[in-house]
Structures are given as structure tokens and as C-alpha cells.
Amino acid sequence: MSHQVRLEDDVYERIKANKRDDESFSDAVSRLIGGRSLRDLRGVFDEDQVSEMRDAIETADQRDREEVREVAERFE
């Protein structure tokens, strides 16, 4: 399936300038926008897993803040 997309002239020119000889515009856009989006993970994890990941991130952040505070106190 393909779609038509309107681009401003400057955006088109930027893509064209960065497009490799061996790739289509679609390939160039895909490469230029980077890898997969976090949106691609929607539905992969259930709510319990998401909650567990959030808790782990929060715990790691808190630990990092405490370590930074301890190091800063040593230099006071």
C-alpha cells in the first residue's frame, strides 16, 4: 500500500539531499526518522508489567539522586 504525502519544498529538498543513490524516498524517510517508535510497543506489555517497569525506573532514579547527593556532600 502506498500513500501520497504533501511536503513543504524545504522538507522535500532536505530528504532529497540526504537520500542515498540506492534507496527510494520511502527508504530514505524511514532511515532518517530513525528506528521504531515507542508507540510500536503499545499492547506488548500488560498493565502489571508496565507498573513494574515504572516502579523499577522510579527506584533507580531515587537511588541515583541519593548517590549524587552523597557525592556532592563529600565535596562540600
Side-chain angles (χ1 to χ4, degrees):
M1 182 191 312
S2 65
H3 298 275
Q4 285 187 337
V5 177
R6 290 181 185 219
L7 301 172
E8 297 291 330
D9 288 340
D10 63 314
V11 174
Y12 174 85
E13 291 302 325
R14 288 173 47 205
I15 295 169
K16 184 178 174 183
N18 286 282
K19 182 184 157 306
R20 297 174 181 157
D21 291 337
D22 65 337
E23 63 185 359
S24 66
F25 263 77
S26 185
D27 292 336
V29 170
S30 181
R31 177 177 53 80
L32 292 167
I33 64 171
R36 300 185 75 158
S37 167
L38 289 176
R39 290 183 183 134
D40 295 338
L41 296 176
R42 189 177 291 149
V44 171
F45 300 107
D46 64 32
E47 287 301 316
D48 290 338
Q49 291 170 312
V50 170
S51 179
E52 186 176 325
M53 285 186 268
R54 283 187 179 133
D55 290 345
I57 291 168
E58 186 176 317
T59 299
D61 285 347
Q62 180 63 35
R63 200 172 325 138
D64 288 345
R65 285 190 294 274
E66 290 170 5
E67 288 178 20
V68 167
R69 192 174 15 254
E70 289 172 8
V71 170
E73 288 173 357
R74 289 185 208 149
F75 288 98
E76 288 181 352

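If you're wondering where the values come from, they're calculated on a predicted model, not measured in any experiment.
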Can you confirm whether more than 12 heavy atoms, excluding those of [X], are under 6.0 Å from its [atom1] atom?
| X | atom1 | answer |
| --- | --- | --- |
| Asp40 | CG | yes |
| Arg65 | CZ | yes |
| Glu73 | CD | yes |

Quiz item: Hey, are the side chains of Glu52 and Asp48 touching, using non-hydrogen atoms and a 4.5 Å cut-off?
Solution: no

Self-check item: Side-chain donor or acceptor of Arg31 paired with backbone N/O of Asn18 under 3.5 Å
Solution: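 Side chain of Arg31 to backbone of Asn18: a pair is present.
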
Quiz item: Would you say Thr59's side chain and Asp55's backbone share a donor-acceptor pair under 3.5 angstrom?
Solution: yes

Quiz item: With clusters built from Ile, Leu, Val, Met, Phe, Trp and Tyr whose side-chain heavy atoms come within less than 4.5 Å, directly or transitively, what are the remaining members of the cluster of Ile57, listed by chain and number?
Solution: none

Quiz item: Looking at residues at least two apart in the chain, or sitting in another chain, which of them share a ring pair (Phe, Tyr, Trp, His ring centres under 6.0 Å) with Phe45?
Solution: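 Phe45: no ring pair (Phe, Tyr, Trp, His ring centres under 6.0 Å) contacts found.
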
Quiz item: Under the salt bridge (charged side-chain N to carboxylate O under 4.0 Å, His left out) test, which residues partner Glu13, sequence neighbours left out?
Solution: none

Quiz prompt | Distance-only polar pair, side chains of Glu66 and Gln62, donor-acceptor under 3.5 Å | solution =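 Checked: Glu66/Gln62 side chains pair up, N/O donor to acceptor below 3.5 Å.
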
Quiz item: When rounded to the nearest 0.5 angstrom, what is the spacing between CD in Glu8 and CZ in Arg14?
Solution: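 These two atoms lie 11.5 Å from each other.
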
Exercise. Rounded to the nearest 0.5 Å, what's the gap from CG on Asp61 to CZ on Arg54? Could you check?
Key: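 The CZ atom of Arg54 is 13.5 Å from CG of Asp61, to the nearest 0.5 Å.
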
